[in-house]
Every structure is written in C-alpha cells, then in structure tokens.
Amino acid sequence: MSDLTSKTRFEPAEAEPRIMERWLASGLFHVEPQGTAAENYSIAIPPPNVTGALHMGHALNGSVQDVLIRHHRMRDRRSEWILGTDHAGIATQKQVERRLLDRGTTREAIGREAFVEEVWKWRKEFGGQIIEQFKRLGASCDYDRERFTLDESYHRAVMKVFVDLYDEGLIYRDHYMVNWDPGSRSAISDLEVEDREVTDTLYSIAYPLADGSGEVVVATVRPETMLADTAVAVNPADERHAHLIGRTAILPLVGRELPIIADDYVKTDFGTGCLKITPGHDPNDFEIGRRHGLQEIGVIGEDGRMTQDAGAYAGMTVAAAQEAVVAALREQGLLRAEEPYTHTVPVSHRSGERIEPLISLQWFMNMDGLAPPAIEAVTSGRVRIHPESQARRYVDWLESIRPWCISRQLWWGHQLPVWYRGEETYVGLEEPGGEGWERDPDVLDTWFSSALWPFATLGWPDDTPELRAFYPTDVLSTARDILFLWVARMVMMGLRFAGDVPFSDVYVHSVIQAPDGRRMSKSLGTGIDPLDEIDRHGADAVRFGLLAMSSTQDVRYSPEKVEQGQALANKLFNATRFVLLNVDPDAPAGPRPTTVEDRWILSRLQRIIADTHRRLDEFDFAKAALGLYDFVYGELCDWYLELVKGRAFDADLSATLLHVLRETLALAHPFIPFVTEELWDSMPRAEGLLAGARAPVPEAALLDEAAEARIAAVIGAVTAVRSWRSVAGVPPGARLPARLSAAGYEDTAPLVARLARLQLEAGTAHEPAATIPVPGGAVELLASDVVDPEAEARKRDARRHELEAEVARAEGRLANAGFVAKAPADLVDAEREKLERLRAELAAL
RNA sequence: GGGCGGUUAGCUCAGCUGGUCAGAGCGCCUGCCUUACAAGCAGGAGGUCCCCGGUUCGAGCCCGGGACCGCCCACCA
C-alpha cells in the first residue's frame, strides 16, 4: 500500500502489478459453473492469435469487455470471462517457417510430424505472451480456464461438427475455382482476400478465325492465361459481333479451336467487346464455362509455375511465361495494342501475395440451410447488434451467402477427418479399419474452429456444467472486420449445434486509427503500442481513454483522452487523501447528511449511479466514462469538497464523506480498476477487494431536487462573483464587503461568502458600488475601493445592450402569432417568464 | 457500380424524439504555491454548426441537391 500522506500522485507502475497479483490470488476471476446462463453473466473473449501481441484493438476490446464483466460481477452476477487463444493456422505456420529458415531448414525438409511438433514448442514458448499482456490491462479474465482452439477437447468438437455436417451432405468435396494464395500455398476464402490497386499492361491480342475470314481481338492483362483459353465470348445483343457467334477461332501459340459463344456477361462497351474465356484461371470465366459446358484447363500450378498443359511454357514462373507469351505474340504480329491499365487485383490478406484464381479439389460447406436461422436470430431481436447499422450489414451478407471453402493446404490446424482409398472416401471420428487408407493432408480454415468458440470452450459436445451455466453468453464484443468471418458463423453454428444463439448482444466497437487519421499499422509506422501507453500513463488511463474515445464509428487515437484518464485517477487519489486526512475514521457507516450540500452531493451521486448503469446497458462507454469524470471533477471535487472545507469534520460529515467516496470508487472501479482498488484498500475498515464488492445502487430516497436547486444557485453565484473579481483584477485573497440581495440562499449564504471571498453584510446602509447578477437576484458589492466606476459603467452599458437585444428577441417571438399559437404552452410561458426576468434586470440597471 | 457513415472552437470529439444546444477535453491567454492535488486551482478568449435550396412559428438537428473525407460489398477482360 502506498503512503497516502506523503505522496501526491498515484503511481501506476508501482501499484498495478501488486494489485493484479492480489486479484489473481483472490480467485475472484474464476467462478464455479453453477446456476443457469440466464442468471449468470458471461463473455467469450475473441481469442487473440496465439502468435499475437497486444495492439490497440485488443486494448480497446479488452477495456470494453472488462468494464462489462467487472460491472456485472459487482452486481452480484456470477461472471465468467472465457479466455483463450486461437491457433491461427496461416499466421502461426508462417512464423514457425521463418524460424526454421533462420536455422537453415524448411518444413518440407523436416516433414509434417516434426514441423507440427516445432509449432507446439513455439506455442509453449511464446503463446503466453498475449495473455500476460491482457493482465497488464487489468483484464479480469478467468485465467484458470484458458482455452486453445487446438486443445484435445476442442479438437473433438471440431471433428464432430465436420462429420455431422458431412453426414448431412452439407460438407462436400468439389472441383471449384478458389483463391489460391501462392504465399501460403493454400486456398483461402473470399473474406481473406483484399483488393490492391496496381497498374498492369492491357494487351489486345488477335485470334484468327478458323475459316481464315478474319480475326477477333480480345483484351487481357494476363496474356499467359490464354494458354488455358477454351472459348471466346461476345454479348448476344452486340450487333458488331453477331456474325461471329457459333464460329470458331484458333488460339495462337497453342492452335486449339475455340468456339465463339454468346453470353450476357460480356460488356459491349469495354475493350473490343470480345472476351477470351479462361475457365481455369478466372472466376467469371469459370462461371461462364460452367454455363456453357466448356473445358476447364489449368496452366498455372499450385506452386506458381506453369504446368505441363502450358506446353512449351511448362515450368516457367507466371511472370516469365507472361514475358515469353507476349514476345511470341509480338513476333507473330498478333499483338494489336498495349496500354497501361490501372485496376484492383486480389491480394492475400495473410501473405500479401497476389491471389492466383485456379481450379482445385477442395472441401466446401453449403451455407444455404444455416443462414436463414442466423438471419432470423437478428431480425427477431434474439441477437441484438450494436450499433444498429451493423445489423443490416450482417443480414445483407447472410442473404447472399455462398459456399464456404473450408480446406486449407497447411500443416498447422485441425486435419480433416477424411481418408481415401482408391475411389473410396471415408469421413469419421475414428480412423477407418483396413489396409491402404490415406488421410487427407488438408486442415480446416481457422474460422471453422473459431465458429464453435462460445460452446466448444465450455466442453461441448458433452453436456457440461460449464455449458449449462454459461451458454449462451451475454455479450460478444468485436471489431467490425470480423462480423462475417466470425460473428455470423458463430451464430449459425451455435444455433445448429448448441441449440441456441451464442450471445444475446453483439457490440461492434470502433476501429482506432492513428492520430493523423491513417490506419494504425506497423508497416506504415503509425502504430501506437498500448503497452507503451500503459507504461507512460498507467492501465487505468489507457482504459479510460480508449473507452472515452469509443464511438459508433471509427475514431482517431486521442492521447488527450488517455491523459484525461490519468488526471482522473490522480484526482481520485488526492480527493481520497483529503478525505482520509480529515475524517474521523471511526465514523459510522452510511451517509449522515446534515446540511444542504450533503443532501446535494448524495442526490447527485444517485443520478450519476443511475446514469452510469444505463449507459453501460446501452453500450455507451464514452458517455459512461466521461460522465464519471464530470461527476468527480465538476461536482465532487470542485464543489462538494470545497464546500465542506469550512466545516468541522465531525462524525456525521465524516460518515457522509466516506460514503460518497466509497460509492464513487465502486462506481468507477470497472473503468479504472487499479487506482480505485488501491484507494479502497486505504479506507477505514476496508474489507476485502473492491473487485469483489457490490456495485452502488441508486436510492430514490436520497434524491433531493430542492437541495440540487439550492446548490446550483450557490455554484452560479460563486462563479459569477469570481468572474467579476477576476475581470476586475481584484486580488484573489481580498474579502470584499457585499450584500446578497437574492432569494434562495437562506441556508447557503455563508457558503457563497466563503467560496467567493465576500464579507456579507445585512441592511441597506451603504449604496452598492457594483452589482453582480446571480441566480435569484444580485450580489451588491459595497467596497468602493476595488470598484472602478468607469469600468462598471462600461459593463453596465454592455449588459444593457445585451439585455435590450434579448428583450427585443423575446418580444419578437411572443409577438409572432404563429409561435404563440403553435408552440407548446409551457414553452410560451417560459418565454414570457424570461421576458419578465430580463425586463426586471434591465430596470434594475 | 451499389450501400453506409462523416463534415460543429486551433486539435480530437459530444450534441437524445427540431424550441437556453452552441458544449467537453486538450491547446492558447490572464491571475493564483487558497492547509487534497502546480500532472493543481480560478477566470478568459475562440465557432456563417461544409455549401445551396426547402419544410416549419422556430433548423447543427428534418427534406432535396452539391462538394469533400472515410469505410463496406461487388467487380469490366
């Protein structure tokens, strides 16, 4: 425990590790599986990649989830934050491959079994990193129940799902066009592909007609793929080319006869209006090919080199083949045009290499039957997505869902439970009996296993106490970019296999951009490491800052918000110092209000408690965090603590102060857990951890509107007098004789006098030297020596002009028949009152 | 090509179902070591709420058009 009497600053670097230790030792974060999911509160963490390091997105998402978990834990719900990591097939495999390369070997050289062993070793060595980093943030995950998507029991769940879906015919094997990632030497799904703009050369190539009557000219940026052309297509409505339909062209360099077909896909206003059709290497051509029953030829292999079907070009890299093909065409005089052409090309999200569309034999999952229930879950409100706009994206995507390519040509992951023997295929949980079976070497898309996360982590397919206690979970908090990759698939799988939606609320958080608005990324050098920020400002500050930044849209990282959080932590630290250095530690528990300011702060406290609860329920974290800041600064410290300074710290005041402070610490704890835990521990008769204490609950009996109005007037009056003094240049320490000619200060005049440094006098013996308007009347200054009559006259004039303008505006409004007739009556009345008030003040001048 | 979001103080952002809504934090200026906090306190200056029309008694707020910025989806070889 740090020494409250000597230190004036909260020191996160010293306190945080010590406090985290206490939390972990307490076992608070681990709960036993009892009761039902409806009674309990649970969140399944989006499992970070086991290779990962904490980035800003994790930090924001961790803050969001932790504020929710801690809040509900303090509201006496058995709260479980399910923790774990994802095996992240491609990312992890690449990392280990790089390591092997450093050692001068490759995965091919050591073989599959040894390679997988290497990955496990790697995981053992580095896999705990991100978990430790979550602890730095103060995340109250259940660290005793850490899961991994390749755990034995998790693997069983994945296998069962695969086999069940296969048995139903929803998982099948097919020759199909896939996004081939030459970087990872694997097929990847559409969602793992991103577009990048490049400038290529658009070549126009002449294909002679078979009957020698002419030629068709086609345009392409991939001339090497012409070796796999099996047709030429024109639009049936294109009169220029109508005569070609049904005739035959000869493929240069190869000599193959190409039928000229008609298809609506061909644009008449692009290029020459004639399109070479390469079903083997273009997704659109593939579709056209299937429509017309065209031959599918592959000239580019999975190794990125030309295949035997490429004839003379076999063995060349794609780039070399392109050069060679262009050279040959030029030589034969068939190149009609070359022009630079800027367009977007698909690139692998993981490896960064350009996608090579090609046909291969892959495993697919038919989504047609799974999507409708997942759509219904959202449209019916069983799953609520926040913000609403994301729900539309979700539904739109599911409504046009396509088969999902689930096989990956990797070694790290869940290997398919599929065996082949000749023409036979066996799919099952156990290896088939008999001789000669060979297992499919492919593994499943990582997202296939992630889709089972909320229930596979809880022991499914067994009927476990964990599953009964925590499934469905309550909230899934995540980034927008994996709404389809992950969230939608969890809903589909949860409904199909766990019998219910996996969560009732999805919170889609902001993407944090760099302060200059660019993407935060390592390669751009725009990344900000949350751990550096924690080192600098403390975890509380970073959590507060991120929550205060969060929004329904993307936001720029705001260092100021983090500093605001740090200021808040420090303010609470010093406010607690002040209270503890003054109060009677033996004061009774509970509030003992004896004055109007006591009733005021207790009333304001009830409001901030209710507001904070409501804002958390609405996932409005920014308002919740900033509202707390405003309460602590703008009400508790700036006013209440200043108001009580003139009083004796008796048992009643001590009790009230301690009560307000305790409640404030407890309310703020889910947002800034470290500093509040530290201060809680220093409170008189502190018992147990704040993390395990009860959240404050608003009490209607403590609301006091009269007290709120009285103190609002005090604040208004003090502020007005201070402003006058400051502008007039009165020495801050000087006590000015004054008369308070205003209503509503019966029991608060001494407070105004002290905070505004006034010597209040009664009677009307003296003429005021200056008049300061305050709520309910005016403060009349009687000390002529501090008043500059000319300045006062100028101010009066300025004020008079202001009032005249406002009176004119109010009169104008009230003279407007439309306003009086159509505006709500109370508004019109308020306007009339305002006019009267303004006229009275004007008259007083 | 289709869809979504944004444009408010020097900076980053709040502004709920149109009526004290023109705000906060930071920055800036002035003054204070006032017995919790100088990483503090008090006070102050700063805005044609992107532009043009419209609806309304009344418009950052609603409608139409435009400009600029960002994101998502689908993609013309």
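The sequence lines fix the lettering, A, B, ..., with proteins before strands; numbering per chain opens at 1.
Nearest nucleotide to the A:Arg9 side chain, out of B:A39, B:G44, B:A36: B:A39. You'll find that the side chain of A:Arg577 is closest to B:A36, out of B:C71, B:A36, B:A77. The side chain of A:Tyr633 lies closest to B:C41 when the candidates are B:C41, B:G5, B:G25. Of all nucleotides listed (B:C72, B:G43, B:G31), B:G43 comes nearest to the side chain of A:Ser726. Of all nucleotides listed (B:U34, B:A77, B:G40), B:U34 comes nearest to the side chain of A:Arg757. The side chain of A:Lys571 sits closest to B:A36 out of B:A77, B:C71, B:A36.
B:C13 and B:G70 are spaced 14 Å apart, taking the P atom of each and rounding to whole Å.
Evaluation of the ring pair (Phe, Tyr, Trp, His ring centres under 6.0 Å) rule for A:Phe621 yields A:Tyr507 as partners, not counting sequence neighbours.
Syn is the classification of B:G60, since its glycosidic angle stays within 90° of 0.
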Provide a list of protein-nucleic acid N or O atom pairs under 3.5 angstrom, restricted to nucleotides 19-23 of chain B.
unit_1: B:U20; atom_1: O4; unit_2: A:Arg837; atom_2: NH2; d: 3.1

N/O-N/O pairs, protein side and nucleotides 8-15 of chain B side, under 3.5 Å:
unit_1: B:U12; atom_1: OP1; unit_2: A:Arg556; atom_2: NH1; d: 3.1
unit_1: B:C13; atom_1: OP1; unit_2: A:Arg556; atom_2: N; d: 3.3
unit_1: B:A14; atom_1: OP1; unit_2: A:Ser551; atom_2: OG; d: 3.2

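Counting only N and O atoms by type, the side chains of A:Asp285 and A:Tyr265 include no donor and acceptor under 3.5 Å apart.
Near RNA chain B, meaning a heavy atom under 4.0 Å from it, residues 635-646 of chain A has A:Cys637, A:Asp638, A:Leu641, A:Glu642, A:Lys645 in order of number. Against RNA chain B, the stretch residues 216-224 of chain A makes heavy-atom approaches under 4.0 Å through A:Ala219, A:Thr220, A:Val221.
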- Dot-bracket notation for RNA chain B is requested: 5' to 3', Watson-Crick or G-U wobble pairs only, both distances under 3.5 Å, with ( ), [ ], | and . as defined. (((((((..((((.....[...)))).(((((.......))))).....(((((..]....))))))))))))....

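Below the 3.5 angstrom threshold, one finds a donor paired with an acceptor across the side chain of A:Asp195 and the base of B:C75.
Under the 6.0 Å distance and 45° angle rule, A:Lys561 does not count as a cation-pi partner of A:Phe544.
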